[in-house]
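A note on names: the letters A, B, ... follow the listed sequences, proteins ahead of strands, and every chain is numbered from 1.
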Protein chains: 4
Amino acid sequence: MTIKTMNSSKVLRNRDVKENRIIDAAEEVFAGVGFANAKMDEIADVVGMSKGSLYFYFDTKENLYMAVAYRAIQLLNKLLYQALDENKAEKGIHSVLALMDVFMNYSQRYILYSEAILDYMSLNRSSGQGRIKAKMTMAIKESVFWRKIQDIQNIPFNLVIAEIKRGKADGSIKSREKPELLYLIAWANVVGYMKLNSTGGQHETFHSIPITKWKKYHIEVARKLLESE
Amino acid sequence: MTIKTMNSSKVLRNRDVKENRIIDAAEEVFAGVGFANAKMDEIADVVGMSKGSLYFYFDTKENLYMAVAYRAIQLLNKLLYQALDENKAEKGIHSVLALMDVFMNYSQRYILYSEAILDYMSLNRSSGQGRIKAKMTMAIKESVFWRKIQDIQNIPFNLVIAEIKRGKADGSIKSREKPELLYLIAWANVVGYMKLNSTGGQHETFHSIPITKWKKYHIEVARKLLESE
Amino acid sequence: MTIKTMNSSKVLRNRDVKENRIIDAAEEVFAGVGFANAKMDEIADVVGMSKGSLYFYFDTKENLYMAVAYRAIQLLNKLLYQALDENKAEKGIHSVLALMDVFMNYSQRYILYSEAILDYMSLNRSSGQGRIKAKMTMAIKESVFWRKIQDIQNIPFNLVIAEIKRGKADGSIKSREKPELLYLIAWANVVGYMKLNSTGGQHETFHSIPITKWKKYHIEVARKLLESE
Amino acid sequence: MTIKTMNSSKVLRNRDVKENRIIDAAEEVFAGVGFANAKMDEIADVVGMSKGSLYFYFDTKENLYMAVAYRAIQLLNKLLYQALDENKAEKGIHSVLALMDVFMNYSQRYILYSEAILDYMSLNRSSGQGRIKAKMTMAIKESVFWRKIQDIQNIPFNLVIAEIKRGKADGSIKSREKPELLYLIAWANVVGYMKLNSTGGQHETFHSIPITKWKKYHIEVARKLLESE
DNA sequence: GATGAATGAGGTTTCATTCAT
DNA sequence: GATGAATGAAACCTCATTCAT
């Protein structure tokens with residue numbers, strides 16, 4: 001490695017460090033007041049940086065949000081891979097349920113991330129109807145982070161599908177439905193759980209049911225679903 | 001009935017008519033661009049009314065949104081009651097599944113309403129952390145429609161719980177879990193379905209699975225859940 | 001005239017009054033620092049009005065500039081018509097030279113107006129090449145004043161052409177060139193004079209020649225041009 | 001010549017090369033979007049140089065523009081000298097008309113240059129009224145290129161005046177007006193032509209008159225002007 | 001009750017210029 | 001000499017809400 005590349009890599013890393021500090025701040029602010037009410041001013045304040053510099057790294061508020069979404073999916077993927085790794089010796093059904101568990105823990109712990117992922121999906125599928133939404137969509141879809149996300153967005157889906165297939169193959173999953181359908185039903189559960197969590201805010205119960213118990217039951221349902229023909 | 005009250009009731013009705021025309025317009029606009037991007041100007045335009053008058057009837061944009069949410073819950077309740085009525089001769093499980101069916105059809109047809117309900121719940125549970133959110137919450141919670149919703153918000157929950165209990169009583173529901181938990185799992189499903197629908201926008205498939213098939217399967221899962229011990 | 005229409009016309013006039021006050025202020029500011037450096041803030045200040053109100057009347061800085069341009073052309077037309085009226089008994093050539101005289105006085109007295117007219121022409125002919133220019137062009141061309149100008153922009157041209165033809169008919173103009181060409185040469189003279197005046201700023205001489213003498217000579221040249229075959 | 005000076009002259013030449021590359025880029029950008037909309041960033045991009053370096057060579061955007069203006073006048077002078085050289089054997093009037101021809105061709109081919117010259121003149125004569133304009137003027141007038149231009153700005157004027165005098169002397173120019181006045185009238189023509197060209201953008205006709213024909217006529221008028229007493 | 005006008009506190013983004021390395 | 005990063009002062013425009021009539 002020449003000095004040149006060392007320098008350049010150091011520089012790159014430097015930029016990454018700054019970007020990350022900004023994203024940290026953005027997360028803080030977004031989490032506090034929501035994307036719509038977040039002000040670039042405040043984010044800059046939190047980083048301890050001028051607004052101008054902020055825009056040097058992220059040329060749009062939306063882009064900054066997409067950076068958060070990217071982190072969100074990255075983290076999710078990492079956690080899923082971990083779970084996969086820990087369960088590769090087990091039967092498929094075990095693995096699938098472990099993945100669901102990851103999803104649910106994630107959606108409970110990383111509420112901002114969960115919402116970012118949902119928002120990203122929303123944007124991703126919208127063909128841009130309303131004027132404004134259309135404009136925003138345009139701008140976002142040219143951003144760097146948008147593309148970065150594109151590359152990793154399907155990993156969760158693919159992982160789960162693969163494990164369902166493995167479960168079918170090893171006989172631990174008996175349902176005859178298409179893997180995609182099974183995924184969807186699980187995904188809906190997770191999203192519902194997510195949304196209810198994010199809606200619930202800091203509460204620990206919902207209609208007198210403690211959230212912890214709830215999660216356990218969700219997984220049991222999934223098990224039943226997969227095991228029965 | 002005196003002339004006085006006749007006049008006043010006519011006046012009241014008059015006011016109601018206006019309010020409803022406004023809410024109609026608001027729905028149109030909210031549905032088109034979302035709450036955040038909706039402009040009071042445009043709503044006034046759609047009603048064919050001055051902005052000043054608009055504010056005579058609704059003193060806040062949020063309040064107007066709550067009026068939409070109120071309608072949303074009203075309609076949902078009405079549909080649920082209907083389903084209940086049609087299934088009162090059947091076993092409890094049948095009735096519960098019918099209610100789920102209503103939820104899902106509703107969330108697919110009335111996307112704006114679904115989101116309004118979710119947003120309302122979000123607001124309802126939030127204790128208001130961020131400055132702005134706090135301010136908004138304050139304002140909203142004093143509004144007329146907020147209180148109106150309070151009175152009917154629990155109806156869906158109560159209806160479903162009652163039918164689950166009935167099902168348990170008549171033996172058609174064998175699960176030993178608490179009705180509230182069963183409700184929650186179903187509710188999560190519905191919310192997930194809702195969110196995915198609203199996210200999906202105008203698409204008819206999701207990962208190659210047609211939405212219609214999806215709904216049917218959701219209900220089957222619920223049936224399995226309720227029937228198995 | 002009913003009360004209704006009286007009201008409405010009064011209202012209209014009221015709006016016109018305000019608009020005119022705004023345009024007055026805009027002229028002051030534009031003349032002082034040029035269009036590019038003019039700030040809406042300052043214009044609002046000069047009118048004694050909030051920025052918001054300013055935007056109630058003119059939704060774009062460019063549009064406000066077009067309002068100035070509209071005034072400019074209106075005034076020019078008025079002055080041309082006057083000159084025409086005063087010379088209708090005279091031969092055509094006399095009339096044409098009188099019109100030129102109007103142009104030149106105008107460009108010397110109303111520098112801002114002259115520049116506005118030139119800028120308008122620039123915009124009018126540009127098919128929008130550069131990104132920004134294109135964007136601006138779009139916005140402007142939908143403005144009310146843009147259309148208003150469109151209706152009167154050709155009057156100067158038409159008036160002069162008509163008089164040239166009259167001069168040819170009555171024998172006072174002997175040049176055999178097409179009227180349009182004669183117009184163009186005169187127009188170039190005027191524009192040059194305009195530009196030199198606006199460039200010269202407040203100076204009264206240019207390379208030691210007093211501006212007054214200069215104008216007279218310009219007209220003599222035109223006369224020569226028209227009279228010779 | 002010592003090594004020292006050799007080095008320094010090589011360095012100087014090096015600097016000149018860089019400066020010229022920068023000016024090349026600046027011309028490209030200015031021509032594309034106009035001075036006001038030109039961004040130093042883009043210019044730096046086009047040169048393939050950092051913005052910091054750009055500012056090492058030109059400490060102001062305006063100064064860079066003046067460099068362009070300097071080039072513009074330099075080129076104009078060169079072309080005028082050429083024409084002069086080609087016509088030194090001819091009578092004065094011939095020469096004067098040839099110079100006019102140069103002016104007109106120039107203003108048609110080098111639109112950016114023409115505008116730069118006009119802007120320079122504008123700045124040169126303005127005593128700086130508006131705050132901003134005043135500030136700009138201050139800064140510019142201390143710049144290197146400003147002074148460089150000062151030295152050559154009068155060449156066109158002087159050349160033409162000299163030829164007019166020659167024409168009067170050799171009898172080919174019969175007009176009894178002062179040479180300065182004759183120059184002015186011609187200059188106004190040229191400026192008008194310039195402005196109309198730059199206004200016209202890419203169009204080839206103006207009110208149905210082809211630009212080529214127009215130029216020829218302009219010169220005929222000038223001839224008439226000079227030949228008649 | 002209704003209306004058009006007014007308000008003003010932001011909001012995002014831009015960019016010439018400067019600085020530290 | 002060169003570079004990328006930093007700065008900050010504006011600039012334009014938005015829009016929920018209020019007010020005078």
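In this structure, B:Lys61 and A:Gly52 both approach DNA chain F, and ranking their closest nucleotides by distance from the 5' end singles out A:Gly52. Comparing A:Ala36 and D:Met40 along DNA chain E, the residue whose closest nucleotide (by nearest heavy atom) sits nearer the 5' end is A:Ala36.
One can place CZ of D:Phe56 at 17 Å from C1' of F:dG4, the figure rounded to the nearest angstrom. As rounded to whole Å, 13 Å separates atom P of E:dT12 from atom CG of A:Asp45. B:Tyr55 places its OH atom 4 Å from the P atom of F:dT17, with the value rounded to the nearest Å. The CZ-P distance, from D:Arg15 to F:dG1, rounds to 7 Å in whole Å. Rounding to whole angstrom units, CG of residue B:Leu54 and C1' of F:dC19 are separated by 16 Å. As a whole-Å value, the separation of A:Asp41 CG from F:dA10 P is 16 Å. If you take CD of A:Glu19 and P of F:dA5, they are 10 Å apart, rounded to a whole angstrom. Taking atom NZ of residue C:Lys18 and atom C1' of nucleotide E:dA5, one finds them 7 Å apart after rounding to whole Å.
Taking the P atom of each, E:dG1 and F:dT21 are spaced 22 Å apart, rounded to whole Å.
The listed nucleotides are F:dC15, F:dT17, F:dA6; the one nearest the side chain of B:Lys39 is F:dC15.
Within the nucleic acid shown, C:Ala38 comes within 4.0 Å of sugar-phosphate atoms alone, with no base atom in reach, counting heavy atoms only. The residue C:Lys51 sits close to a base: some heavy atom pair falls under 4.0 Å. Within the 4.0 angstrom heavy-atom criterion, only backbone atoms of the sugar-phosphate kind lie near B:Tyr57; the bases stay farther away.
Of the possible polar contacts, one joining the A:Arg71 side chain to the A:Asn20 backbone as a donor-acceptor pair under 3.5 Å is found.
Residues D:Ala69 and D:Ala116 share a closest heavy-atom pair of CA-CB, 4.0 Å. Here the closest heavy-atom approach between residue A:Ala67 and residue A:Ile23 is recorded as CB-CD1, 3.7 Å.
Partner assigned to F:dT7 is E:dA16, using Watson-Crick or G-U wobble distances below 3.5 angstrom.
With ring centers used as reference points, D:Tyr65 lies 6.0 Å or more from D:Phe145. Between D:Tyr120 and D:Trp146, the ring center distance clears the sub-6.0 Å criterion.
Distances shown here put a side-chain N or O of B:Ser53 below 4.0 Å from the OP1 or OP2 atom of E:dT3.
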